[in-house]
Amino acid sequence: MLDELQRRLGLRTDSVIFFTSAALTVVFVVAAITLTEQVDRIFATASDWLLTNLGWFYILGVTSFVIFLLWMAVGRYGHVRLGGQDERPEYSTRAWFAMLFAAGIGTILMFWGVAEPISHFAVPPQQGVEPQTVEAARMAMAYSLYHFGLHTWSIFCLPALTFAYFVYVRGLPFRVSSVLQPLLGDRVNGTAGRVVDITAVMGTLFGVAVSIGLGTLQINSGLARLFGLPENSLVQVLLITVITAIATTSVVFGLDKGIRRLSNINITMAIGLMIFVFVTGATLFLAKGIIENVGVYLSQLVSLAFWNDTFADTGWQGSWTVFYWAWTITWSPFVGIFIARISRGRTIREFVLGVLGLPTAFTIVWFSVFGLSAIDLELDGESDLVRTVVVEGDVPGALFTFLENYPLTTLVSALSVLIVVIFFTTSSDSASLVVDMLCAGQRGEGGPTRQRVFWAITEGVVAGTLIAATGRSALDALAEVITVFGLPFFVLAFLMMYSLRRALRTDFPELAGPPPTLRKRAEQDPERAGNGGVDRGPREQGTSRLSRLRDRRTGGSGKR
């Protein structure tokens with residue numbers, strides 16, 4: 001019946017994944033509108049229990065991702081290329097960085113670049129630190145960089161690397177279930193695989209809906225300051241409609257003409273905004289602060305990576321770190337698949353160091369410029385940011401209150417609103433592309449453009465309906481939902497590490513052998529070396545293995 005419905009609609013998907021995901025989305029939206037209090041109570045209880053009892057698991061999990069990825073980059077598998085050994089990257093490093101950043105946390109940096117450092121500066125997370133002091137400022141920057149540096153990007157990098165390997169080396173479709181092939185075998189094409197893919201679709205839709213909702217609040221706050229526009233549900237729904245329309249247009253143009261073009265424009269504008277704050281603000285102070293923050297971040301990284309608030313048990317981590325990790329990981333299938341989609345031809349070492357290193361370096365500079373500038377204004381008594389963010393709770397308006405202390409306030413604030421709009425547009429656009437790929441099943445990378453348009457509209461409808469029905473409370477409820485959704489995604493991430501390691505050992509057994517020094521001794525004896533005493537070298541061995549894998553899949557033709 002589902003296949004017949006799909007045929008009549010002219011779709012090309014796995015009908016079970018597509019229609020089940022669409023139906024569950026409708027059920028959740030209707031329930032959130034008609035049974036808001038009951039839904040909120042259920043997920044609030046579950047979320048509170050997870051944050052209280054399994055917060056340590058989330059902390060340990062993300063730190064484990066960082067360690068695993070760095071080991072993959074510097075280890076013997078680092079030279080393995082994601083695709084044929086002769087392939088080269090499809091996109092330049094600049095375009096690649098712009099796209100992965102725009103699809104990742106560009107929106108979050110705009111939202112929290114001022115608000116988070118000010119929050120921790122006013123209310124230090126750890127006891128014994130006096131609020132609004134130099135020490136509080138130093139720790140505020142350390143926590144902000146911890147939240148948006150290596151750890152956040154490891155949540156995106158791990159699934160991205162795993163997807164890229166199983167798609168480009170093993171020739172599997174872009175499905176979350178594909179990465180579990182070493183564990184599930186042929187069952188990835190059955191019920192178990194579909195359950196995994198449906199869960200990934202739902203997590204992506206809800207995660208994007210929360211971010212679109214938060215972005216809408218920030219855009220509304222900026223427009224209220226610029227043009228006196230009221231801050232209410234009607235205006236916010238209209239803003240979501242505009243964002244969805246732009247995202248839908250970008251979807252129609254496709255990856256190269258749509259997402260890539262918007263990403264390049266947006267990253268240029270964001271860098272321009274950052275340079276403006278740097279040049280017109282306390283330039284010398286910021287130049288020194290950027291360098292110092294590198295040291296602050298590195299010196300505090302190990303301690304923060306394992307900190308669980310064991311003795312004080314204030315619950316702070318549940319509201320900040322654990323929530324960040326749970327929220328971010330619901331995005332991981334979407335961002336991971338998107339990054340994998342634009343990363344064919346890169347080696348594992350280049351991929352990991354690029355995905356972790358470039359955005360982290362940019363994050364350090366971004367938070368140093370905006371966070372330190374905001375703190376400097378507070379220390380000098382020139383701003384009311386603490387009152388705006390902490391006392392009044394106006395987090396969406398933090399950036400615009402901050403910009404009131406700089407020249408050309410109206411023009412720069414308008415530019416900031418535009419940057420936020422484009423960031424959320426590219427996120428919605430990228431999510432639509434990925435959800436369509438997830439729903440494609442064994443058919444490949446998706447079907448007609450109208451399928452991606454459908455998901456772009458669906459993302460907007462989810463966020464818009466919730467705001468129209470219950471306002472901020474619906475977004476809070478949805479945040480609790482994705483906190484609960486985060487748990488199975490964490491379990492899935494651990495399975496990804498196991499699957500990737502197992503696949504590499506299977507596909508490249510010559511690289512899984514003894515260390516190079518022991519191998520060299522063995523190669524001195526032809527009988528022990530097994531190759532006539534000739535050392536092909538790790539790169540040549542990898543090439544040979546990839547060639548054999550490719551020949552098996554193509555019958556020796558070299559074509560898929």
Nearest atoms (heavy-atom pairs only) where Ser332 meets Ile329: OG-O, 2.6 Å
CG (Asn53) with more than 12 external heavy atoms under 6.0 Å: yes
Trace of the side-chain hydrogen bond (donor to acceptor under 3.5 Å, both in side chains) decision for Thr152 with His147: CA-CA 6 Å; Thr152 283; His147 284 154; over 6 Å; no
Stepwise ring pair (Phe, Tyr, Trp, His ring centres under 6.0 Å) check, Phe454 with Phe18: CA-CA 11 Å; Phe454 168 79; Phe18 180 88; 5.4 Å; yes
Polar side-chain atom of Gln317 near backbone of Trp307 as donor-acceptor pair, under 3.5 Å: yes
Side chain proximity check, Leu511 to Leu504, heavy atoms < 4.5 angstrom: no
Any donor-acceptor N/O pair, Tyr168 side chain to Ala340 backbone, under 3.5 Å: yes
Test item: Thr363 side-chain N/O and Gly149 main-chain N/O as donor-acceptor pair under 3.5 Å: no
Closest contact, heavy atoms only, Phe163 versus Pro333: CE1-O, 3.8 Å
Check: Arg94/Ser92 side-chain N/O donor and acceptor closer than 3.5 Å: no
Student check: side-chain heavy atoms of Phe148 and Trp366 closer than 4.5 Å: no
Ring center gap for Tyr165 and Tyr77 short of 6.0 angstrom: no
NZ/NE/NH1/NH2 to OD/OE distance under 4.0 Å, Glu87 and Arg81: no
Side-chain donor/acceptor of Asp197 to backbone N/O of Ser177, under 3.5 Å: yes
Short side-chain to backbone donor-acceptor contact, Arg187 and Ala192, under 3.5 Å: no
Side-chain donor or acceptor of Glu90 paired with backbone N/O of Arg344 under 3.5 Å: no
Closest heavy-atom pair and its distance - Ser21, Met202: O-SD, 3.6 Å
Donor-acceptor contact below 3.5 Å, side chain Gln218 vs main chain Met110: yes
Verdict with reasoning, Leu487 to Tyr58, per side chain to side chain contact (heavy atoms under 4.5 Å, CB included): CA-CA 8 Å; Leu487 182 60; Tyr58 287 69; 3.5 Å; yes
Residues that Thr20 engages under side chain to side chain contact (heavy atoms under 4.5 Å, CB included), provided they are two or more places apart: Val16, Leu24, Ile198
Nearest atoms (heavy-atom pairs only) where Val201 meets Cys439: CG2-SG, 4.1 Å
Main-chain N/O of Pro359 paired with Trp153 side-chain donor or acceptor, under 3.5 Å: no
Any donor-acceptor N/O pair, Thr162 side chain to Leu158 backbone, under 3.5 Å: yes
Aromatic centroids of Phe489 and Trp325 separated by under 6.0 Å: no
May I have the list of side-chain donor-acceptor pairs in residues 59-73 shorter than 3.5 Å, sequence neighbours left out?
residue: Thr63; atom: OG1; partner: Ile59; partner atom: O; Å: 3.2
residue: Thr63; atom: OG1; partner: His151; partner atom: NE2; Å: 3.3
residue: Thr63; atom: OG1; partner: Ala305; partner atom: O; Å: 2.7
residue: Ser64; atom: OG; partner: Leu60; partner atom: O; Å: 2.8

Test side chain to side chain contact (heavy atoms under 4.5 Å, CB included) applied to Ile348 and Leu161, step by step: CA-CA 7 Å; Ile348 288 178; Leu161 175 61; 4.0 Å; yes
Sidechain-backbone polar pair: Arg452 side chain, Met437 backbone, donor-acceptor under 3.5 Å: no
Contacts of Ile246 that satisfy side chain to side chain contact (heavy atoms under 4.5 Å, CB included) - sequence neighbours left out: Val242, Val421, Thr425
Parallel, tilted or perpendicular: ring planes of Tyr324 versus Trp112, cut at 30 and 60 degrees: perpendicular
